[in-house]
Structures are given as C-alpha cells and as structure tokens.
Amino acid sequence: MPTCWLNGTFCDESTASVSIFDRGLLFGDGVYEVATVVRGRLLDADLHLARLERSLAAIRCDNPLTIAQWLETMQALVNANALDEGLVYLQVTRGVAERDFAFPTSATPTHFAFARPKRLLQDPAAAGVSVHVVPDERWARCDIKSTAMLAQVLAKQSARSAGAFEAMMHEDGVVTEGGSSNLWIVQGGTLITRPLSHDILAGITRDVVLELAAGAGIPVLERTFTVHEARTADECLMTSASSFVLPVVTIDGAPVGDGAPGTVARTLREAYIERALRLTAP
Ligand code: PMP
C-alpha cells in the first residue's frame, strides 16, 4: 500500500483521512503544489516550496513546516514509495473548525502529501497533444495555487469530452493559460507567452523554460496572445511540472502549423530534460 504523509506522520494511504469539518473540504480554503521526481530525486522542489509560501501568504495561512522540513518529508515520501519517476502532491488547508466563512480564531493547518509514479522523460504525449478552447471562468486571483478549482475541473472535463488532452482557456478571445499548464506560441521564431499577473499561475516550468529559451538563443516576448493567433501560429506549446514541455499540435481538431511537433517545442523539451537529468544526477 502506498505511503502518504498526513499531519506529521507517514501512514498508509488507505487509512489516511481528514475531518468533514476541514476548511479545505468545506471552502476550498487551501493551497497545494505538485513537484516532479526524476531518478528518485526531487526537481526544483525549492522553487515549488517558495511558491507554496507565496500562496500561503496570499491566503494568510501559516506554513505548518519549514522549507527544510518539507524537503526532508518529500524526499522521505519518495524513498518510502520507491518512486523513481513521478510526482509529489502536497496540500495545506486552514484546518478543522466549526463551519464559518471567516477565519477561525485558532486552527492548526492540515497538511498532507502523497507520491505517484508518472512517465515523464519518455512521456508518449511528447509526440504532440490536442487542446480544446473554453472560456476562462475562474476568479480574479489565479496566481494563488488554490485548491478551489471547480472552473478548471469543468474546463478539463470539456476538453476530455471533446477528446482533447488539455483546455486552452481564454477571456474574450485572449488566451489566459491551460487548465493545468501555461501556454505558449511561436511566431516567426519568437516564443510568446502571457506575462505574469493575477490572471495566471506563475508556472515553475514557465520560469525554467524562459531561462532555457534564453540559453538556446530563442527570442522571447512576454505578451498576451489571442486564440486566433494560437490557431495561426507556427507552433503552440504547453508547460507544467507534470508534463515538462509538450507540443500542442491541434486546436479544436485543426492542425497548428503542419500539425507536427515544431523545432522550438522539441528544442525546449530536450533542453528541459537535459537540465532535469543534470540536476538529479546521482
Ligand atoms: N497554470 C495552471 C492553472 C496550473 O494548474 C499549472 C500546474 N500547476 C500550471 C500553470 C503550470 O505550473 P507548473 O509549471 O509550476 O507546474
């Protein structure tokens, strides 16, 4: 049985449970992170934990663990599950209290983490994925990695029902981001992605890819782009910790460019994997 971490102890996933009065359950009053594991080691966990601190500060919730304690716990979880390649999910909620919207006067944050295997280096999706365009129906603080994700659940279900891999969310025809990824296009060799604001999540992979693009001499423009521009771009890409860099080869069934993974997507995915292998080298 896989081992998880719940409120300070490791336990079987089958026995781990939280109260029905947990504010994460009642209000979505919590935040989370997903970090990657390659060759049994955490990748960029420090960056994910820094974002966790930012999310917690934004919702005015204490971090129950120090960064060092999180790092130790996450690696112990990886080891306990003998995880070679995959993901560690962690969540912090404001804790258990009588149901009242305003903050409880005293509550101990609930925190837990679990690990899951996933093929990352040899991901079959690297052959190219499809997206389905949907309106972005989320709130005004998409920079907070909140567990309240009903709009993304609906967006990704629409994508699934349409036979697509990911949702391309837009506001009035302007792309915000994917259901659980940042989106990019390539126009005439220039890589374009939406600038950071309250409208999107500051993807850890997005940051790394910006650095890799600079290193590879790929010109980058941080600006908004439209769904129409994505449909007529030379390439479209998505990035996330759990997918690295994936070429988007169709939008609502129509090919992007020639419908095959493009040079920029392939270059950046290779650079991302090379960096991941370097950082997780034994
Ligand atoms: N945007 C959204 C809405 C997401 O859920 C994710 C995945 N966490 C991302 C972007 C990508 O972020 P990251 O690269 O840190 O995984």
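Note that the structure is a prediction, hence the values are computed from the model and not measured. Remember, it's 1-based here, ligands and their atoms both numbered in the order they're listed.
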**Prompt:** Applying a strict 4.0 Å limit to heavy atoms, is Met149 in contact with ligand 1?
**Reply:** no
**Request:** Look at ligand 1 and say whether Glu33 reaches it with a heavy atom at a distance under 4.0 Å.
**Result:** no
**Fill in**
Contacts of Asp258 meeting side chain to side chain contact (heavy atoms under 4.5 Å, CB included) (sequence neighbours excluded), chain-then-number -> Ala260
**Prompt:** Using heavy atoms and a threshold below 4.0 Å, how should the contact between Cys142 and ligand 1 be classified: side chain, backbone, both, or neither?
**Reply:** neither
Tell me: protein heavy atom nearest [atom], and distance?
{"atom": "atom 12 (O) of ligand 1", "value": "Gly203 CA, 3.4 Å"}
{"atom": "atom 16 (O) of ligand 1", "value": "Ala241 N, 2.8 Å"}
{"atom": "atom 8 (N) of ligand 1", "value": "Lys145 NZ, 2.5 Å"}
{"atom": "atom 11 (C) of ligand 1", "value": "Asn182 OD1, 3.7 Å"}
{"atom": "atom 14 (O) of ligand 1", "value": "Thr205 OG1, 2.6 Å"}
{"atom": "atom 7 (C) of ligand 1", "value": "Ser180 O, 3.3 Å"}
{"atom": "atom 1 (N) of ligand 1", "value": "Glu177 OE1, 2.7 Å"}

**Ring center gap for Phe10 and Trp5 short of 6.0 angstrom** = yes
**Request:** Assess the side chains of Asn63 and Glu53: does a donor N or O sit below 3.5 Å from an acceptor N or O?
**Result:** yes
**Message:** Can you classify the ring geometry of Tyr89 versus Phe114 as parallel (below 30°), tilted (30 to 60°) or perpendicular (above 60°)?
**Reply:** parallel
**Request:** Take the angle between the ring planes of Tyr272 and Phe244 and call it parallel below 30°, perpendicular above 60°, tilted in between.
**Result:** tilted
**Message:** I'd like the name of whichever of Ile204, Asp136, Thr176, Val34 reaches closest to atom 15 (O) of ligand 1 through any heavy atom.
**Reply:** Ile204
**Asked** Purely on distance, is any nitrogen or oxygen of Arg206 under 3.5 Å from one on ligand 1?
**Response** no
Got a list of side-chain donor-acceptor pairs under 3.5 Å for residues 118-126, not counting sequence neighbours?
residue, atom, partner, partner atom, Å
Lys118, NZ, Ser242, O, 2.9
Arg119, NE, Gln122, O, 3.4
Arg119, NH2, Gln122, O, 3.2
Asp123, OD1, Ala125, N, 2.9

